[in-house]
Each structure stands twice: as C-alpha cells, then as structure tokens.
Amino acid sequence: MEESTYCFRLGEDSSSLQHIYWGPSIASAQALEMSHASVPLRIPFESPKGISREEYAPWGEMRFTEPDLKVTFADGTRVVEWVFEAYGIDRSNSGQTLWLQFRDQAYPLTVTLYYRIYDGHDVIERWVALENKGGNGPVIIEQSLSADWRLPPRDRYRLTYLYGQHVKEMQIAEVVLSPGKMVLESRRGATSHQFNPWIALDPDASAKEESGEVWSAALAWSGSWKIVVETTSYGDVHCAGGVNDFDFHYHLDEGVRLELPAFVGLYSNQGFGGISREWHAYQREHVLPETPEAVRPVLYNSWEAVAFGVNERNQMELAEKAAGLGAEVFVVDDGWFNTRNHEHAGLGDWTVDPQKFPHGLNPLIARVNALGMRFGLWIEPEMVNPESDLYRAHPDWVYHFRQRSRTEWRNQLVLNLARADVREWVFTTLHRLLSEHHIEFVKWDMNRHFSEPGWPDEADRNPERIWLDHVRNLYWIIDELRSRHPQVAFESSAGGGGRVDLGILSRVEQVWTSDNTDALDRLRIQEGFSYAYAPRVMMCWVTDCPNFLTKRTVPLGYRFHVAMSGSLGIGGDLARWTPGELEEARGFIARYKQVRSTIQNGLLYRLRSPRKGAVAAVQYVARDGSEVVVFVWGHSQQFGETKVSLALKGLKGNAHYADTISGATYSGAYLTYHGLAVNLVGDFDSRMLHLVRITERKGVIG
Ligand code: GLA
C-alpha cells in the first residue's frame with residue numbers, strides 16, 4: 001500500500017536516535033520541519049535522555065524505562081555509552097535496508113540497527129546486530145531486544161493481542177492501557193499457545209474493523225519472546241520486543257557477531273481489517289517460502305481417524321478414499337515409527353515400525369503417488385521419550401539440571417538442540433529419512449515446552465544460551481533440509497497452533513492451526529488467526545462428528561465451509577463416511593479448488609465476528625477484483641428470523657457482479673449498500689457465495 005511515513009533523526013550529540021514520526025504519509029519537507037520542531041519535554045527531576053523518545057535505548061545514564069539493551073563488559077562495567085559511527089542503505093529489487101552503526105565509546109562493542117522496507121508495503125522490519133570487536137574479553141548480553149516502537153502521543157491506547165491455550169489458540173483480547181507495563185511473553189522455549197507475538201494498538205479505542213488508525217507489531221521469533229508495551233507516567237507509549245531476557249545470558253565472545261530476530265511494525269488507517277490485509281500481503285510476498293500466487297494443496301491426515309493405529313493396510317485404504325475425494329497430499333501422522341503404539345514410547349527412534357509397515361513406507365508412498373497425491377510424514381524431531389533407544393544411549397542429550405528431576409510432559413523430554421552433536425544428529429536423521437523416501441511434505445511437531453532448561457556440561461560457561469541457540473539450530477536444520485530437499489513443503493505444528501510466528505513462517509508453507517477441529521470453536525480460533533496471519537497458511541481439517549473434543553455434531557456442509565475458509569484438509573475417518581457423505585465431500589473439494597486462490601491469497605474482510613451474534617461471515621476478494629467469495633455461518637436461528645443481509649466490502653461501486661450459483665447480478669454499489677441477502681435456516685446452516693465481476697450490465701439488481 002505504502003501509505004505511511006516513518007522518521008527519526010540523530011540526537012544532537014550523536015549518542016541517541018530520536019523518534020520523530022510514524023503515521024500517514026507526509027512529504028519529506030514536513031518530516032524535516034517536524035524533526036526541527038520536536039523539542040523534548042522538560043519535566044522536573046527527569047533528565048532529557050530519560051524521557052526522550054529513542055529508537056533504541058541501551059541501559060545507562062538517566063534512563064529508567066524498559067531498556068532495549070543491557071550488557072556487562074569483562075571488567076564489570078554494566079552500562080553502555082554509545083556514539084553513532086556510520087550508516088548505509090542497501091537496495092534490492094524489492095526494497096531497501098537502512099543500517100545505522102553505533103559503537104560503545106570505550107569498549108569494543110558495536111550495535112547496528114536495521115530498518116528494512118519493501119516497495120508497495122507499509123511494514124518496517126527492524127532488528128539489531130551486536131558485535132564484539134575483540135581485545136577486551138567477552139561481552140555478556142543480558143537483554144537485547146530487536147526494536148522499540150514509539151507511538152504518537154494520544155490520550156490512551158487500546159492494546160489488542162492474541163492469547164489462548166491448547167485447543168483454544170488465537171483468542172482476541174483487548175485492554176485500554178494505563179501507566180505501567182503490559183508484558184506479553186513466552187518463557188516456554190517456543191512461541192506458545194498462551195500468547196502470540198503479535199499486537200495492535202489504536203488510540204482511544206477508536207479503530208473499527210474497516211476504519212481508524214492502528215499500529216501493529218509482530219516478532220519473527222519461535223522461541224521464548226517478550227513484548228513490553230509501556231505507558232510511562234507521562235503518558236508516552238512505547239513497545240519493545242525481542243528474545244526474552246528471562247533466565248537469559250549470552251556470552252558474546254571476541255570477534256563474534258550476533259544478529260537478533262526482526263520485530264516488524266506496521267501502520268494502517270484502514271482499521272483492523274487494514275492491518276490484517278497488510279500483514280497477509282507482506283507474508284505472501286516477503287516471508288513465506290513459496291511464491292505469492294502459490295496455492296496450498298488439499299490435504300488428508302488420518303490422525304483423528306486412527307491415531308497411533310496407522311498401518312500399511314488402513315493407510316492404503318484411506319489413501320484410495322482421499323484420492324477419490326480430490327485430496328492432493330496424503331499425510332501419515334504420529335505412530336509410524338518403532339514402538340510408537342501410544343504416547344509413552346518411541347520419540348527419538350525414527351525408524352519405520354516393521355509391524356505396522358512390514359515393507360517399509362515405500363510401497364505406501366508409491367501407492368499414494370500412483371493415486372496422484374504427494375506423500376507427507378509427521379515427525380517431532382526436538383523430542384525424546386525416555387522409553388526409547390535414543391534416550392537410553394544419550395540421557396545427557398535432554399535439557400536437565402544436576403540433582404533435579406526431569407519433568408515429563410506427554411511422557412517426553414526436550415532434546416538440547418543447542419548442542420552441536422544433537423543438532424547434527426537431528427539433521428542427519430531427517431536428511432536420511434528424506435533421502436530414503438519420496439517425501440514431499442513434513443509436519444514438524446513440537447508437543448511440549450521446556451522445563452529444567454539446564455546443560456550441565458556447559459554449567460561453568462554459558463548454558464543460558466540455549467534459549468537462543470535451540471531456535472537458531474532449529475532454523476538451521478529446517479533451512480538446510482529445505483535446501484537439500486527442495487521438493488519438501490513443511491507444516492509447523494506444536495500441539496496445534498503453538499508455533500505460529502513470522503520466524504517459522506519464513507521457512508514453512510503452512511501451520512497446523514489447532515488440535516481443536518470443532519467447526520464452531522474453529523470460527524473463533526480462525527478469526528483471531530486472521531488478525532495476524534494469512535489464510536493460506538492456516539490449515540483447517542474437516543473431521544468427524546460428534547467432535548472428539550466438544551462432542552458437538554454439526555452438518556458436513558458447515559464443517560466444510562469452516563475448513564474451506566483457510567487451507568482445506570480432511571481429517572475424518574473416510575472408511576466410515578457414507579457414499580452420500582463422500583459424494584458431498586467430493587463436491588465441496590471440487591468447488592474449493594475453483595476458488596481457493598481467492599481464499600488463500602485474496603483480500604480478507606471480516607464481515608461479522610463469531611464473537612458477536614449468531615451469524616459469522618468472512619469475505620475474500622481476488623487481488624485483481626475479479627472474484628468474490630463469501631462464507632456465512634449461522635449458529636442458531638432465533639425468533640423465526642432467517643434472512644441475513646451482508647454488506648460486502650472492497651468492491652467497485654460501478655462494477656457488476658454475478659452470483660455464480662443463483663445467476664443473479666448486482667452492482668458493486670448495491671452489494672456494498674444494501675448487501676447480499678442470505679437465508680439461513682435452523683442451527684448450523686451455512687453458505688459459500690461466489691460472485692464474479694462481469695462487464696455487461698444485463699438485468700443488474702440495483
Ligand atoms: C500434536 C498435533 C496433532 C497430532 C499429534 C500426534 O498434538 O497437533 O495434530 O499430530 O500431535 O501426536
């Protein structure tokens with residue numbers, strides 16, 4: 001879109017970077033004027049630096065708010081006094097990166113701040129690199145956030161964020177901020193279900209779905225993270241985020257450079273819908289590994305159907321049925337490897353179970369391929385069950401402390417991926433698995449968080465670096481596998497949606513949104529998801545009823561419509577579906593394939609929130625405006641009212657649209673003003689509507 005401007009300037013003495021402006025587009029002359037006019041506040045008993053609006057503030061001098069950087073030098077000095085040294089702009093085909101380098105005045109530490117922007121987008125990627133130039137021993141980094149976003153002075157900001165739990169991810173919360181800090185974080189070693197590293201701030205709770213100013217930020221990090229939204233006692237709001245400093249130390253040895261993850265910011269005056277669409281566009285064009293136009297295939301996964309009971313016979317049978325429906329990827333989930341008949345054993349021993357697959361996986365893969373589908377496999381490489389050959393051989397490979405218990409969760413422990421030998425073992429094991437089988441899809445799971453995050457062999461050095469190095473090595477392994485096996489697409493799962501963030505999204509094609517596949521619950525989970533993340537990456541399965549979790553029974557059409565509003569998958573036990581259900585499913589899948597590029601890659605408008613009222617609706621407009629898809633779900637009919645009028649968004653008033661199902665034609669103005677009338681009857685009724693733009697004006701309504 002490019003409808004915003006961001007400005008800062010070097011402070012008078014070159015020892016600070018002063019924020020000037022972040023908001024709607026202004027001319028450079030105005031920005032310059034503003035930079036001259038921005039006089040720091042004078043407040044009794046506060047030094048100017050303590051209350052100045054710095055782009056990035058190391059702890060030191062009279063600064064008392066959340067610092068962005070805190071280090072200890074080898075001689076015990078614990079504050080940074082930095083001075084500007086150099087800057088540059090690197091241009092690429094799609095945008096440019098501005099970097100500004102500061103150095104400590106007395107110690108060999110440099111801090112480089114990066115700002116990357118892309119043509120046609122309003123996002124700003126900010127991150128930091130620290131370098132120990134050497135000659136003075138290691139620098140201990142205690143806190144090193146990636147960026148600090150400064151909001152313009154307004155009365156009060158509302159903070160919107162995403163919280164949740166397993167089977168209840170991406171719930172939307174909001175709070176009007178008062179002086180103090182609101183800290184959102186994960187201390188779990190992974191992104192977490194509990195809080196997602198994404199926020200939005202709007203002044204005086206004034207933004208609506210399609211109007212109003214919103215500032216938003218999201219972290220590209222899949223480990224423990226922290227976002228501090230601080231309102232100072234003077235009403236100034238800033239928002240600092242990055243790797244969590246809790247229990248964290250990083251010894252930056254001489255000559256070592258450390259690059260921290262990006263904290264990405266975005267401004268829009270088009271409300272929450274505006275920021276969502278911009279986040280989606282940015283992810284499609286600059287984050288996700290696939291091209292912006294790529295579409296995700298329809299997938300089948302038998303986890304809910306057979307759980308650990310996978311075997312060659314039932315998978316072959318399911319593959320036949322899935323292919324018959326139109327599935328394009330067939331995924332064998334948990335249970336395919338040695339001794340994995342339940343969740344008590346097997347993780348770590350990644351060899352095919354000869355009892356379940358007496359001829360290995362290859363005959364099944366060949367059959368799946370012959371049926372025209374790609375073959376996918378589930379793995380959980382960061383984990384080990386104590387009941388496994390791997391753990392018996394390497395009990396020291398898991399996080400643990402001496403003299404402390406090793407807390408098991410789902411009967412498993414976390415491998416210390418920060419160790420070079422563990423990293424190597426994980427990579428080699430997976431490389432072999434992918435080399436020996438024609439695998440084209442990997443579901444990478446992570447089903448527990450870190451506890452007792454110790455590394456006894458490193459105890460006298462820097463064991464706290466696991467918080468950073470586990471994730472860096474995870475990224476390294478995926479990147480390396482991707483480059484060696486470019487045919488493989490990846491899905492990030494962590495007990496459902498516990499690892500969804502911009503960091504993992506730059507190396508996986510999609511994510512498993514939630515283990516909760518109840519269609520009604522999914523509407524709320526998927527709505528929250530859509531605030532921050534693109535529909536293309538949001539994997540949604542149609543599963544059986546009564547739902548395993550909620551015991552709710554809803555019609556197959558309703559389940560399909562919910563799952564079709566993201567990347568469609570099927571997770572039911574097809575062996576038990578009636579011929580009628582299979583026929584219905586085939587129809588939905590064929591229909592989905594016709595419109596999926598608009599759903600997965602179009603512009604998303606949330607027409608009616610499932611949090612408000614008995615009807616929910618989402619609309620997608622193709623980027624070239626040629627096609628519109630609308631899903632509408634009625635939860636329960638009341639008072640005999642059946643008609644719902646949906647005022648559509650993002651249409652051209654003078655263009656004309658034809659409903660491909662009813663044949664009716666409408667003007668864009670009519671659809672926007674009067675809306676599209678839909679009849680929903682009874683409980684759990686739903687519709688998918690499909691409109692195409694037409695040129696002639698024959699028989700147009702309105
Ligand atoms: C996690 C995933 C599920 C399934 C199981 C297998 O919970 O989210 O989809 O793969 O693991 O154990």
Side-chain angles (χ1 to χ4, degrees), residues 164-170 188-194 196 222 299-311 314-315 318 322 329-350 353 356 375-385 387-388 408-415 439 441-449 489-501 504 508-519 521-522 525-526 529 537-544 547-550 563 566-573:
Q165 62 192 52
H166 177 234
V167 302
K168 191 184 172 188
E169 294 86 341
M170 304 285 183
R188 295 167 179 261
T191 322
S192 95
H193 304 79
Q194 283 66 26
N196 189 267
S222 313
L299 169 157
Y300 179 80
N301 180 308
S302 69
W303 171 246
E304 275 197 33
V306 298
F308 297 104
V310 289
N311 59 45
N314 65 28
Q315 295 300 288
L318 286 165
V329 183
F330 183 84
V331 185
V332 173
D333 209 282
D334 200 349
W336 58 269
F337 46 99
N338 249 346
T339 70
R340 187 67 170 171
N341 297 314
H342 37 63
E343 49 179 58
H344 293 270
L347 290 175
D349 297 344
W350 301 107
D353 183 335
K356 293 176 178 168
F375 180 81
L377 196 62
W378 178 96
I379 49 170
E380 197 181 358
E382 296 150 87
M383 298 295 155
V384 64
N385 285 121
E387 187 53 45
S388 67
E408 289 177 31
W409 180 250
R410 211 191 187 211
N411 314 295
Q412 62 197 60
L413 297 165
V414 187
L415 288 176
I439 293 170
F441 179 93
V442 163
K443 176 176 175 186
W444 185 303
D445 219 329
M446 201 269 188
N447 282 319
R448 65 154 291 174
H449 295 142
F490 285 78
E491 175 174 276
S492 166
S493 169
R499 190 146 68 187
V500 186
D501 58 80
I504 203 74
V508 300
E509 279 76 2
Q510 61 189 51
V511 300
W512 178 221
T513 312
S514 178
D515 278 347
N516 186 341
T517 54
D518 174 272
D521 287 0
R522 266 298 181 118
I525 294 169
Q526 295 180 188
F529 191 100
V537 304
M538 181 175 78
M539 200 59 215
C540 314
W541 301 347
V542 175
T543 56
D544 294 333
N547 182 270
F548 83 95
L549 180 71
T550 63
S567 264
L568 176 63
I570 312 292
D573 187 355

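One-based numbering, in listed order, for ligands and for the atoms of each.
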Interfacing atoms of ligand 1 (cut-off 4.0 Å, heavy-atom, Gly496):
8 (O)

Under a plain distance cut-off of 3.5 Å, with no hydrogens placed, do Gln412 and Glu380 share a side-chain donor-acceptor pair?
yes

Provide, to 0.1 Å, the distance between atom 4 (C) of ligand 1 and the closest protein heavy atom, together with that atom's residue and name.
Asp333 OD1, 3.4 Å

Record the part of Arg410 in heavy-atom contact with ligand 1 below 4.0 Å; permitted values are side chain, backbone, both and neither.
side chain

Do the side chains of Lys443 and Asp333 get close enough for a salt bridge, i.e. N-O under 4.0 angstrom?
yes

Using a 4.0 Å heavy-atom cut-off, say whether Asn301 meets ligand 1 through its side chain, its backbone, both or neither.
neither

If you measure every N/O of Phe308 against every N/O of ligand 1, is any gap under 3.5 Å?
no

Please determine if Glu382 and Arg499 form a salt bridge, counting it only when a charged side-chain N lies under 4.0 Å from a carboxylate O.
yes

Does the N or O separation between Trp378 and ligand 1 drop below 3.5 Å for any pair?
yes

Quick one: which ligand 1 atoms are inside 4.0 Å of a heavy atom on Ser493?
2 (C), 8 (O)

Can you check whether Glu491 reaches Val537 side chain to side chain, under 4.5 Å on heavy atoms?
no

Is there a polar contact between ligand 1 and Lys443, counting only N or O atoms under 3.5 Å apart?
yes

In terms of residue, atom name and distance, what is the protein heavy atom nearest to atom 2 (C) of ligand 1?
Asp445 OD2, 3.0 Å

For the residue pair Arg522 and Trp512, would you count it as a cation-pi contact if the rule is NZ or CZ under 6.0 angstrom from the ring centre and within 45 degrees of the ring axis?
yes

Examine the side chains of Glu304 and Thr517 and answer whether a donor and an acceptor come within less than 3.5 Å of each other.
yes

Side-chain heavy atoms of Phe308 within contact of Trp336, under 4.5 Å
no

Any idea how His166 and His193 line up, ring-wise: parallel (<30°), tilted (30 to 60°), or perpendicular (>60°)?
perpendicular

Does an N or O from Asp334, backbone or side chain, lie closer than 3.5 Å to an N or O of ligand 1?
yes

Please write down residue, atom name and distance for the protein heavy atom closest to atom 7 (O) of ligand 1.
Asp515 OD2, 2.8 Å

Can an N or O of Trp512 be found at a distance shorter than 3.5 Å from an N or O of ligand 1?
yes

